[in-house]
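Below is one structure, written out as structure tokens; comments come after it.
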Amino acid sequence: MLEVENLRSAYGRIEVLKGVSLEVRAGEVVALVGANGAGKTTLLRALSGVQPMTGGEIRFKGQRIDRLPPHQRVELGITQSPEGRQVFGPLTVEDNLRLGAYRRRDKDIEQDRDRVFAMFPILAEKRHLLAGGLSGGQQQMLAIGRALMGRPKLLLLDEPSLGLSPLLVDQILDAIVSLRKDGITVLLVEQNASAALAIADRGYVLETGKVAYSGTGSSLLSDPQVKAAYLGIE
Ligand code: ATP
């Protein structure tokens with residue numbers, strides 16, 4: 001579904017992505033892990049089209065997309081849920097979800113909203129409250145829910161578990177796994193490498209702008225070098 005080949009990107013003269021190649025197949029959950037500053041966020045932003053590339057190719061369903069502006073990539077079905085719970089604080093939970101469906105003209109919007117509520121029941125309870133008053137975890141759920149309202153084919157998730165309690169991390173990761181059943185493909189960036197690899201079909205470890213390791217989630221979890229360097233397990 002998504003093929004990234006030799007992608008390069010820089011901030012000014014500092015090259016941050018130094019030729020990254022990876023692929024995400026339809027229906028997979030793929031985890032992208034690595035230390036702080038390895039370039040994970042930059043890679044997602046390059047895929048969305050908000051971060052300029054200095055080289056390489058991105059193909060989505062066989063079509064080159066690296067020269068398309070961000071909104072055209074969204075139209076093709078690529079949606080990013082950004083790091084840091086960027087919900088619209090002064091709007092209600094329900095209005096935030098409605099905004100996620102702003103491009104749609106079909107009649108299933110309410111049905112999809114109910115699916116988001118089924119996935120995150122706390123959002124249903126708080127549907128009439130302002131998003132700004134939600135806890136961090138609830139805002140994260142809302143950000144994911146809003147992205148889902150656009151019916152993405154490929155969902156790019158940046159650090160969905162950032163700052164959450166272990167219980168909420170599990171709840172968010174369970175929700176991500178359940179997306180797979182709905183045919184949504186997910187590229188998941190996570191600081192929480194063990195948890196992400198445990199739910200992922202496959203994973204990539206990014207190290208200073210390059211893919212250092214790749215494989216199935218379980219093979220990376222049991223790789224001694226990956227364990228020592230990234231998972232905090234001896
Ligand atoms: P984190 O988990 O901390 O977000 P990351 O793997 O997502 O890390 P990036 O945020 O992509 O890493 O950052 C990669 C490198 O690019 C870092 O060295 C960072 O300092 C640098 N960088 C990020 N954003 C900018 C920017 N706007 N201008 C200059 N340098 C930047």
Side-chain angles (χ1 to χ4, degrees), residues 29 31-33 36-37 40-42 44-45 47-51 70-71 73-74 77-182 184 186-196 198-199:
V29 173
L32 184 64
V33 302
N36 269 327
K40 305 180 297 295
T41 297
T42 306
L44 284 196
R45 288 168 48 83
L47 297 176
S48 312
V50 293
Q51 165 69 25
H71 72 270
R73 302 189 200 191
V74 173
I78 303 175
T79 299
Q80 180 167 357
S81 179
E83 184 181 62
R85 310 157 191 158
Q86 295 174 20
V87 296
F88 298 102
L91 300 183
T92 64
V93 166
E94 235 173 33
D95 285 344
N96 268 275
L97 292 176
R98 197 166 294 134
L99 271 176
Y102 77 99
R103 290 181 308 114
R104 292 173 56 182
R105 297 284 173 270
D106 58 275
K107 296 196 179 73
D108 301 332
I109 293 176
E110 286 188 12
Q111 188 187 317
D112 283 1
R113 186 195 57 198
D114 290 343
R115 281 168 79 180
V116 170
F117 285 157
M119 185 180 281
F120 301 121
I122 190 73
L123 295 182
E125 258 172 57
K126 303 207 166 182
R127 64 206 287 168
H128 301 304
L129 301 184
L130 298 184
L134 300 181
S135 73
Q138 293 159 2
Q139 290 190 19
Q140 193 60 264
M141 292 174 195
L142 182 55
I144 295 173
R146 191 183 58 195
L148 290 175
M149 290 299 291
R151 287 215 166 162
K153 297 191 173 72
L154 173 65
L155 182 60
L156 308 174
L157 286 175
D158 198 356
E159 303 265 5
S161 79
L162 194 72
L164 303 187
S165 67
L167 191 68
L168 281 177
V169 171
D170 285 347
Q171 207 179 328
I172 297 260
L173 293 178
D174 284 349
I176 293 168
V177 171
S178 77
L179 295 179
R180 185 161 39 191
K181 290 188 221 112
D182 294 336
I184 298 173
V186 178
L187 180 58
L188 167 69
V189 161
E190 262 296 338
Q191 201 62 243
N192 199 334
S194 322
I199 64 150

Distance in Å, L155 CG paired with L187 CG, rounded so as to fall on 0.5 Å steps
9.0 Å
Where do E190 and A196 come nearest, in terms of heavy atoms and distance?
CB-CB, 3.5 Å
Enumerate donor-acceptor pairs with a distance under 3.5 Å from any side-chain N or O in residues 168-181 to protein atoms, sequence neighbours excluded.
{"unit_1": "S178", "atom_1": "OG", "unit_2": "A175", "atom_2": "O", "d": "2.7"}
{"unit_1": "R180", "atom_1": "NH1", "unit_2": "D201", "atom_2": "OD1", "d": "2.9"}
{"unit_1": "R180", "atom_1": "NH1", "unit_2": "D201", "atom_2": "OD2", "d": "2.8"}

Under 3.5 Å donor-acceptor, R73 side chain and L47 backbone:
yes
Within the distance-only criterion (no hydrogens, no angle test), does the side chain of D106 pair as donor or acceptor with the backbone N or O of D108 below 3.5 angstrom?
yes
Mark yes or no for whether Q138, through its side chain, and S135, through its backbone, hold a donor-acceptor pair below 3.5 Å.
yes
Contact check, side chains of D158 and S81, non-hydrogen atoms, under 4.5 Å
no
Spacing of CG belonging to L142 relative to CZ belonging to F88, to within rounding of 0.5 Å:
10.0 Å
Please round to the nearest 0.5 Å and tell me the distance separating atom CE of M149 and atom CZ of R98.
8.5 Å
Min side-chain heavy-atom separation E94-L97 under 4.5 Å:
no
Mind listing the closest non-hydrogen atom pair of P70 and G49 along with its distance?
CG-O, 3.4 Å
Shortest non-hydrogen contact from P160 to L188?
CG-CD1, 3.4 Å
Compare every heavy atom of E159 with every heavy atom of Q140, then report the nearest pair and how far apart it is.
NE2-O, 3.7 Å
Give the intermediate values and the outcome of side-chain contact (heavy atoms from CB on, under 4.5 Å) for residues Q139 and Q86.
CA-CA 8 Å; Q139 290 190 19; Q86 295 174 20; over 6 Å; no
With side chain to side chain donor-acceptor pair (under 3.5 Å) as the rule and sequence neighbours excluded, what pairs involving residues 142-156 come up?
D112-R151
CG (L91) and CG (L129) are apart, to the nearest 0.5 Å, by 13.0 Å
Is there a side-chain contact between I122 and M141 in this structure, where contact means two heavy atoms from C-beta onward sitting under 4.5 Å apart?
yes
On a heavy-atom basis, which atom in N96 and which in A131 lie closest, and how many Å separate them?
ND2-CB, 3.4 Å
Just how far is it from atom OG1 of T79 to atom CZ of R103, taken to the nearest 0.5 Å?
6.5 Å
For residues L164 and G137, report the shortest heavy-atom separation together with the two atoms involved.
CD2-CA, 3.2 Å
Step by step, work out the salt bridge (charged side-chain N to carboxylate O under 4.0 Å, His left out) result for D182 and R115.
CA-CA 11 Å; D182 294 336; R115 281 168 79 180; 3.1 Å; yes
Value rounded to 0.5 Å, distance of CD in Q80 from CG in L44
5.0 Å
